[in-house]
Amino acid sequence: MENVNRRIVALDIGDVRIGVAVSDLSRTIATPVEVITRIGWGPDVRRIREICSRYDTDQIVSGLPLNMDGTEGFQAKKVRDLCSQLEKAGLTVFFQDERLSTVSAEDILLEGNISRSGRKSKVDKVAAAIILEQWLQEQQH
């Protein structure tokens with residue numbers, strides 16, 4: 001399927017939660033949409049496939065948590081393991097360096113005067129939107 005005028009879903013994968021964002025059809029704007037509470041690979045993959053289906057896409061950008069020196073550590077391996085399950089389920093996965101995306105998301109929410117409890121419930125999906133924005137910008141260059 002042609003990528004032009006097609007949404008892409010972004011994930012900020014953590015051990016407890018997965019932040020989800022989606023692009024607009026022209027792939028210029030990233031919008032935070034929800035936070036998934038992790039249950040296990042099977043239910044998590046099914047939930048992500050449902051979200052992709054809702055937005056009529058089979059493409060995902062996953063944040064890849066690299067170490068500050070750019071190497072992949074244990075957390076990156078866990079993300080790659082889940083993403084390999086997503087690929088087995090028929091989704092195409094791209095990776096984006098997500099270093100400092102959660103810090104940026106926290107800063108954005110703090111600037112918006114969002115309460116601590118409000119930040120906790122939103123930070124993962126805002127981080128996913130930041131990851132998606134970075135990926136979209138790189139694709140335009």
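Along the sequence shown, residues carry numbers from 1. For the numbers below, each heavy atom of this structure counts, side chains included, while hydrogens, waters and symmetry mates do not.
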Legend entry - Under 3.5 Å: donor-acceptor pair, side chain of Asp124, backbone of Val35: no
Legend entry - Which atom of Gly90 lies closest to which atom of Asp58, heavy atoms considered: O-CB, 4.2 Å
Inset, instruction - Give a yes or no answer on whether the side chain of Thr37 reaches the backbone of Arg17 with a donor-acceptor pair at less than 3.5 Å. - result: no
Inset, instruction - Mind checking the CG-CG spacing from Asp97 to Leu64? Nearest 0.5 Å is all I need. - result: 7.5 Å
Inset, instruction - Treating Ile, Leu, Val, Met, Phe, Trp and Tyr as nodes and any side-chain heavy-atom pair under 4.5 angstrom as an edge, say whether Leu91 and Val33 lie in one connected cluster. - result: yes
Legend entry - Value rounded to 0.5 Å, distance of OG in Ser26 from CG in Leu136: 9.0 Å
Legend entry - Ile131 CD1 to Asp12 CG distance, which is reported to the nearest 0.5 Å: 4.0 Å
Legend entry - Backbone N/O of Thr57 and side chain of Arg7: donor-acceptor pair under 3.5 Å: no
Legend entry - Partner of Ile8 under side-chain contact (heavy atoms from CB on, under 4.5 Å), chosen from Thr92, Ile60, Val22, Leu132: Leu132
Inset, instruction - Looking only at non-hydrogen atoms, find the nearest pair between Ala10 and Ala128 and report the distance. - result: CB-O, 3.6 Å
Inset, instruction - Start with the C-alpha distance between Val61 and Val9, add both sets of side-chain angles, then the distance that settles side-chain contact (heavy atoms from CB on, under 4.5 Å), and finish with yes or no. - result: CA-CA 6 Å; Val61 173; Val9 169; over 6 Å; no
Inset, instruction - Nearest 0.5 Å please: distance from the OG atom of Ser23 over to the CD atom of Gln59. - result: 9.5 Å
Inset, instruction - Mind listing the closest non-hydrogen atom pair of Arg6 and Arg27 along with its distance? - result: O-NE, 2.7 Å
Legend entry - Exercise: do Glu98 and Gln134 side chains pair donor with acceptor under 3.5 Å: no
Legend entry - Donor-acceptor pair, side chain of Asp24 and main chain of Ile29, under 3.5 angstrom: yes
Inset, instruction - Starting at CG of Asp56, measure out to CG of Leu25 and round the result to the nearest 0.5 Å. - result: 8.5 Å
Inset, instruction - Establish whether Leu11 and Phe94 are linked, either directly or via other cluster members, by ILVMFWY side-chain heavy-atom contacts under 4.5 Å. - result: no
Legend entry - Side-chain donor-acceptor contact under 3.5 Å, Gln75 with Asp15: yes
Inset, instruction - Please say whether the positively charged group of Arg80, taken as NZ for Lys or CZ for Arg, lies over the ring of Phe95, i.e. under 6.0 angstrom from the six-membered ring centre and within 45 degrees of the axis. - result: yes
Legend entry - Pair Glu72 + Lys78: basic N to acidic O under 4.0 Å: no
Inset, instruction - Measure the spacing between CG of Leu86 and OG of Ser62 and express it to the nearest 0.5 Å. - result: 8.0 Å
Legend entry - Donor-acceptor contact below 3.5 Å, side chain Asn67 vs main chain Asp69: no
Legend entry - Derivation of the side-chain contact (heavy atoms from CB on, under 4.5 Å) call for Cys83 and Ile13: CA-CA 10 Å; Cys83 288; Ile13 300 171; 3.9 Å; yes
Inset, instruction - State plainly whether one hydrophobic cluster holds both Ile36 and Val93, where clusters connect Ile, Leu, Val, Met, Phe, Trp and Tyr through side-chain heavy atoms under 4.5 angstrom apart. - result: yes
Inset, instruction - Please answer whether the main-chain N or O of Gly14 pairs with a side-chain N or O of Arg38 as donor and acceptor at a distance below 3.5 Å. - result: yes
